[in-house]
Every structure is written in structure tokens, then in C-alpha cells.
Student: 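The following block contains the structure, expressed as C-alpha cells.
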Amino acid sequence: MPGALRFVLGDQLSPSLASLRGLDRARDTVLMVEVAAEATYVKHHKQKIAFLFSAMRHFAEGLRADGVRVAYVKLDDPANTHSFAGELARAVARMRPERVVVVEPGEWRVEQDMRGWEAALGIPVEIRLDDRFLCARTAFAEWAQGRKQYRMELFYREMRRKTGYLMDGDAPVGGAWNFDAENRKRLPARYKPPPRRRFAPDAITREVMALVAERFADHFGDLEPFGWAVTRADALLALEDFVRDHLPSFGDYQDAMKAGEDFLHHSLIAPYLNAGLLLAREVCDAAEAAYRAGAAPLNAVEGFVRQILGWREFVRGLYWARMPAYAATNHLDARAPLPDFYWTGDTKLACVREAVGTTRRNAYAHHIQRLMVLGNFALLAGVEPARLEEWFLLVYADAYEWVELPNVHGMALHADGGVLGSKPYAASGAYIDRMSDYCTGCAYDPKLKAGPKACPFNYLYWDFLDRNAGKLAANPRMGMPYRTLEAMTPARRAEIKADSAAFLAGLRDGAVGAPGRT
Ligand code: FAD
Ligand code: DLZ
Ligand code: SF4
């Protein structure tokens with residue numbers, strides 16, 4: 001007798017998933033599908049597709065080993081219709097289940113599709129809440145009601161109180177909510193973080209890699225070497241390594257950047273969290289346990305927990321509270337195309353070259369590279385939000401629109417006019433010089449303010465403020481830089497305009513920014 005068809009999407013690879021609860025092994029079937037629509041709606045990095053397809057296949061194997069019946073559609077199945085709706089309809093026609101059970105999706109576009117499934121199939125489709133997140137969409141909506149601007153720090157404090165993480169009764173452990181004053185140190189010279197464990201591809205991953213090499217050869221990024229974990233067991237090992245080897249230094253060097261060091265002390269767990277191999281709760285538990293055992297200091301553990309309990313939950317709540325209107329705003333009216341070197345890495349800007357390099361090699365860049373190099377440059381250069389958003393959504397193994405969009409549209413580009421952050425994260429070359437060693441290997445000089453050798457971030461920063469004064473000058477948090485701008489002589493302001501116009505014009509025709517072409 002047919003039971004329920006339990007449809008598990010590619011970023012729902014958690015044994016505790018709500019749609020798997022109450023599963024009847026005798027009657028139910030789990031459906032999983034590899035479809036071209038998901039792999040190509042943006043042309044994801046090759047490693048991202050390989051990671052997800054391999055993780056999906058391993059997850060299906062795990063369910064089968066547990067006695068669950070799984071219908072798994074591979075990408076090269078000749079009957080594959082290559083969309084969620086098409087594959088679900090085909091499975092329903094074949095198996096005649098009495099109902100479909102699924103968990104709400106991560107992305108707005110998929111939810112729009114999902115809402116039509118019940119009518120299209122003619123059987124009940126039960127959409128369950130995704131309770132892997134610590135803040136339900138409805139709980140965030142309640143918190144957000146009546147607020148024009150959302151501030152992460154206030155949300156985070158409520159989450160600490162609600163969940164009890166790093167709390168001593170009603171008070172935050174250590175007497176403060178945030179220890180960032182102790183974080184953000186520069187790396188000592190010749191600093192070498194411990195090496196990372198890489199997970200050698202097994203037979204399933206190798207088969208998927210061959211498929212990706214053949215089918216997605218024109219997608220961005222290197223497929224090899226591939227070292228991501230593709231099972232929950234290995235993702236837990238990666239978490240264990242991080243807590244032991246890197247968490248103690250996470251706070252100190254959270255904002256540091258170093259040439260040739262792609263990972264420093266970051267956790268590299270976002271792909272696992274976002275695909276469901278790890279759960280936010282167990283990651284926060286592991287970090288707090290390290291603090292309570294005296295194995296990691298509070299500044300590091302609080303800083304790390306804030307990223308997950310605070311930022312991750314916050315951007316997800318904001319996404320669902322504000323979509324689809326959120327994606328459509330362009331507060332600073334930015335219209336420039338995305339420079340070609342975001343794809344090629346072929347540029348004289350050493351910091352951008354490093355950040356694009358790790359992105360191509362690893363489908364990964366750490367937060368400060370994303371925000372203060374790649375995001376900051378696009379902000380200063382006036383790149384159109386949708387162009388940069390497409391790039392960020394396809395290049396990282398951890399990118400899904402619910403987390404990518406608020407970070408790019410709101411945090412990096414201020415395209416939401418301040419819903420997410422109170423001011424743009426705009427910075428000159430001095431910030432990058434302070435937090436990295438990139439400038440020593442650069443054709444430009446971060447100390448020079450004008451002329452052909454000057455770091456372009458320097459004049460672009462002031463030009464950005466000048467161009468956007470109508471929208472930003474009244475912001476109390478921007479008072480200082482605008483007072484400095486106002487105090488500049490007309491000749492200096494004209495020089496900034498001329499340098500910026502020449503650089504940006506060169507970017508548009510490819511003459512500046514690529515080595516050997518100026
Ligand atoms: P760590 O530095 O070790 O941080 C620990 C965890 O905290 C991360 O794994 C992640 O789950 C969470 N976290 C940290 N910062 C954020 C944040 N701002 N928003 C949400 N979660 C956060 N994160 C994604 O997961 N997917 C994206 O597509 C993505 N795009 C980004 C785009 C831009 C422009 C910026 C500025 C940030 C983006 N982030 C994104 C957030 C953050 O940069 C990544 O989560 C982080 O770099 C992933 O590496 P990690 O696992 O080593 O993180
Ligand atoms: C990202 C992705 C890719 C590349 N391919 C698939 C796929 O073939 N099948 C699948 O179920 N999910 C895939 N995903 C993840 C989905 O895009 C993700 O589940 C939706 O964006 C909903 O959040
Ligand atoms: Fe980047 Fe400017 Fe430093 Fe070069 S000098 S690495 S462009 S910040």
C-alpha cells in the first residue's frame with residue numbers, strides 16, 4: 001500500500017530533517033533528484049556542484065543502509081526532466097503516494113514553485129518548518145515587526161537569552177555580550193596556522209567529479225584538488241579539528257588576511273551547515289563546551305557563536321521577512337558592470353587577485369576577503385548589485401540566496417539603504433594594508449593618495465563618498481569621513497575625481513586592473 005513520498009532537497013541533508021520524522025519504512029519512499037535547473041540557474045562553481053551531488057548520494061546511501069527506500073534520480077538518468085516539479089510529478093505518477101512531505105526550502109524562488117505543487121499533483125503536499133534553524137521565520141517576523149532597520153546586535157542578544165548560549169543565568173558570560181575589542185589583531189610576521197585536513201575523494205565523489213567535468217566544463221572554478229567532506233561523519237571530523245586547532249585563535253585573527261594562506265583560523269563549515277551535514281545547534285554546543293572546558297578563550301568562542309547564532313540566523317530572518325522586494329532595491333543607484341577580473345583574477349590589485357584566486361581554487365574565501373576586498377571594491381566602483389549578487393551566488397560552496405543576498409545586497413553594497421547595516425562597509429587601502437600583507441606584493445602603493453601608483457581604493461573611497469553624498473552625508477555614522485571630505489581643497493577633490501574617472505573608465509574597457517595592460 002503506498003504511503004508518503006518524502007522529498008529531500010539538496011540542502012536538506014540532515015538525518016533529523018523534519019520531513020523524515022515519522023517515516024514508515026514499510027510504506028514511505030524518500031525522493032532525491034539531481035536536476036539541471038538547480039545546477040545551472042546560476043552557473044555554480046564546479047566544486048560546489050561536485051560537493052552537493054556527492055553529499056546527496058552519500059546521504060541517500062546512508063538512508064538505504066538504515067532500511068529506508070530511496071528513489072534517487074541521477075543527473076544523467078535519460079528520463080530526468082531536470083526540474084524539481086518535473087521530477088516530483090514523474091515520481092508521483094510512478095509510485096502513486098497518498099501524500100508528499102517536504103521541508104520549506106531555503107530560497108524564495110523554490111518556495112514560489114513549491115506552493116504550486118499540491119494543485120499540480122492533485123494530492124496533499126505537507127510543507128514542514130525547517131527547524132534546523134534556531135529562529136523560526138515567524139519568530140523573526142515578530143521581532144522585525146514595526147522596525148524599518150534591523151540590527152543584528154539586538155537580535156543576537158535576544159537569541160542568547162532565548163537559547164541560553166554563553167549565559168550565566170540572565171547575564172552574558174564574562175559580563176559583556178561582545179568581546180570584539182579584543183579581536184581583530186594583525187597576524188605576527190611569518191605566522192603559519194596549522195595545516196587543514198582534506199578529505200580524499202572516494203569512489204562516489206570521483207564518479208560525480210567525472211560527471212561535473214563533462215557536464216559543467218564551462219562553469220567557473222577549479223574542480224581539483226577536491227578536499228571537502230561529503231558526509232556528516234567527515235563534516236563532524238572537520239568541526240572537531242576546527243574546535244581543537246583553530247577556535248582558540250578565531251577571535252584574534254578573524255579579520256586578518258595573508259597572501260598564500262587561504263583559510264587562516266576560519267572554520268570552513270559554512271558549506272556543511274548550509275547543506276545540512278552539520279546543525280547550527282551542535283556547532284554552537286561544541287564551541288561553548290570548548291570554552292567551559294578552558295580549551296578556548298571567551299573572545300574567540302563568543303565571536304564564533306555570534307556568527308552562527310547571530311549573523312546566520314539574522315540574515316535568514318531578514319531574507320524571508322523582506323523578499324522579494326529586498327532583491328529589487330538599488331539604493332545607491334549603482335550601474336557599473338562587474339569587472340572581468342572577478343572571473344579571471346587577472347589584475348594588478350594584489351588583494352583582489354588573492355581573493356579571486358582562493359575563490360577559484362577552493363570555492364571559498366573567508367569573510368574579510370568577501371566583505372572588505374571583493375565587496376568593498378565593487379561598492380567603491382559602483383557595480384550594479386544584481387551583477388555582483390549573481391557572482392557571489394555561484395562562486396562559493398556555501399552560497400544559497402537566503403544567506404548570500406543579505407550579505408551582498410545589504411552588508412557589502414548597502415543597496416537596501418540601511419535595512420541590514422547602519423552604514424556602508426566602505427574602506428580605503430589603509431584598512432587592507434593594516435589587516436593584511438597583500439600590499440607588499442602589489443603594483444600599487446597603499447600610502448600614495450593620488451597618481452598612477454596610488455592604491456585605487458584610496459581615491460575610489462573618497463570618490464564614492466562624494467558621488468553618494470546626497471544619500472550618505474546625513475548618516476550620523478558617516479559624519480567623520482564627510483567632515484574630512486568637506487575640509488579638502490577644491491584642487492584635491494578635483495584630483496580624486498580625475499584619478500577615479502580614469503581608473504573606472506579603464507576598468508570598463510579593460511585597460512586598467514589587468515597586468516601588463518596599462
Ligand atoms: P567562519 O568565519 O568560520 O564563521 C563561522 C560560521 O558563521 C560560518 O560558517 C557561517 O555559517 C556563519 N557566518 C559568519 N558570518 C556570517 C554572515 N555574515 N552571514 C551568515 N552566516 C555567517 N555565508 C554563507 O554561508 N553563504 C554565502 O553565500 C555568503 N556570502 C557572503 C557574501 C558576502 C559579501 C559576505 C560579506 C559574507 C558572506 N557570507 C556567506 C558570510 C561569511 O563570509 C561566510 O559564512 C564565511 O566566510 C564562511 O566561511 P567559514 O565557514 O570559514 O566561516
Ligand atoms: C545548489 C543545488 C544544486 C547545484 N543542485 C541541486 C540538485 O540537483 N538537486 C537538489 O535537490 N538541490 C540542488 N541544489 C540545492 C538547491 O538549489 C536548494 O535546495 C534550493 O536552492 C532550495 O534552497
Ligand atoms: Fe589592494 Fe591597494 Fe594594497 Fe594593492 S595597495 S593590495 S590594491 S589595498
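Start at 1 and go down the list; that is how both ligands and their atoms are numbered.
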Student: Quick one: which ligand 3 atoms are inside 4.0 Å of a heavy atom on C442?
Tutor: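 The atoms of ligand 3 under 4.0 Å from a heavy atom of C442 are 4 (Fe), 5 (S), 6 (S), 7 (S).
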Student: Identify the closest protein heavy atom to atom 12 (C) of ligand 1: which residue and atom is it, and at what distance?
Tutor: Q307 O, 3.6 Å
Student: Pull out every atom of ligand 2 sitting under 4.0 Å from any heavy atom of F84, numbered as shown with elements.
Tutor: 9 (N), 10 (C), 11 (O), 12 (N)
Student: Taking both backbone and side-chain atoms into account, decide whether C351 has an N/O/S atom under 2.8 Å from atom 3 (Fe) of ligand 3.
Tutor: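 Checking atom 3 (Fe) of ligand 3 against C351, no N, O or S atom falls under 2.8 Å.
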Student: Does L268, backbone or side chain, put an N or O under 3.5 Å from an N or O of ligand 1?
Tutor: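 Yes, since at least one N or O of L268 sits under 3.5 Å from an N or O of ligand 1.
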Student: Select one of side chain, backbone, both or neither to describe which atoms of L273 lie under 4.0 Å from any atom of ligand 1, heavy atoms only.
Tutor: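 Side chain only.
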Student: Which of the atoms in ligand 2, numbered in the order shown and given with their element, are less than 4.0 Å from a heavy-atom of L9?
Tutor: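 Per the distance check, 11 (O), 19 (O).
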Student: For atom 46 (C) of ligand 1, which of H266, M372, R370, E313 has the closest heavy atom?
Tutor: R370
Student: Among all protein non-hydrogen atoms, which one is nearest to atom 8 (O) of ligand 2, and what is the separation to 0.1 Å?
Tutor: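 Going by distance alone, atom 8 (O) of ligand 2 is nearest to V35 N, 2.8 Å.
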Student: Should you measure from each heavy atom of C455, which atoms of ligand 3 turn up under 4.0 Å away?
Tutor: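 Checking each atom against C455, I get 2 (Fe), 5 (S), 7 (S), 8 (S).
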Student: For ligand 2, which atoms have a heavy atom of G10 less than 4.0 angstrom away?
Tutor: 10 (C), 11 (O), 12 (N), 19 (O)
Student: Under a 4.0 angstrom heavy-atom cut-off, which atoms of ligand 3 come close to L349?
Tutor: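 Selected atoms, number and element: 7 (S).
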Student: Does H44 approach ligand 2 within less than 4.0 angstrom via side chain, backbone, both or neither, non-hydrogen atoms only?
Tutor: side chain
Student: For atom 16 (C) of ligand 1, which protein heavy atom lies nearest, and how many Å away is it?
Tutor: W311 CB, 3.9 Å
Student: At less than 4.0 angstrom from any non-hydrogen atom of R109, what atoms of ligand 2 do you find?
Tutor: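 Every atom of ligand 2 under 4.0 Å from some heavy atom of R109: 17 (O), 21 (O).
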Student: As a check for students: among L52, V212, L31, identify the option with a heavy atom nearest to atom 14 (N) of ligand 2.
Tutor: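 Minimum heavy-atom distance to atom 14 (N) of ligand 2 goes to L52.
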Student: Which ligand 2 atoms does G106 reach within 4.0 Å, using its non-hydrogen atoms?
Tutor: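 So the atoms of ligand 2 that pass are 22 (C), 23 (O).
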Student: To the nearest 0.1 Å, how far is atom 16 (C) of ligand 2 from its closest protein heavy atom, and which atom is that?
Tutor: E38 OE1, 3.3 Å
Student: Which atoms of ligand 3 have any heavy atom of I432 under 4.0 Å away?
Tutor: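 What qualifies from ligand 3 is 8 (S).
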Student: Using a 4.0 Å cutoff against the non-hydrogen atoms of D11, which atoms of ligand 2 qualify?
Tutor: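 Atoms satisfying the 4.0 Å criterion: 18 (C), 19 (O), 22 (C), 23 (O).
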Student: For V33, counting its heavy atoms only, list the atoms of ligand 2 lying under 4.0 Å from any of them.
Tutor: 7 (C), 8 (O), 9 (N), 10 (C), 11 (O)
Student: Under 4.0 Å from a heavy atom of E34: give me the atoms of ligand 2 that qualify, with their elements.
Tutor: 8 (O)
Student: Of the protein's non-hydrogen atoms, which lies at the shortest distance from atom 18 (N) of ligand 1, and what is that distance?
Tutor: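 Looking at atom 18 (N) of ligand 1, the protein heavy atom closest to it is N407 OD1, 2.9 Å.
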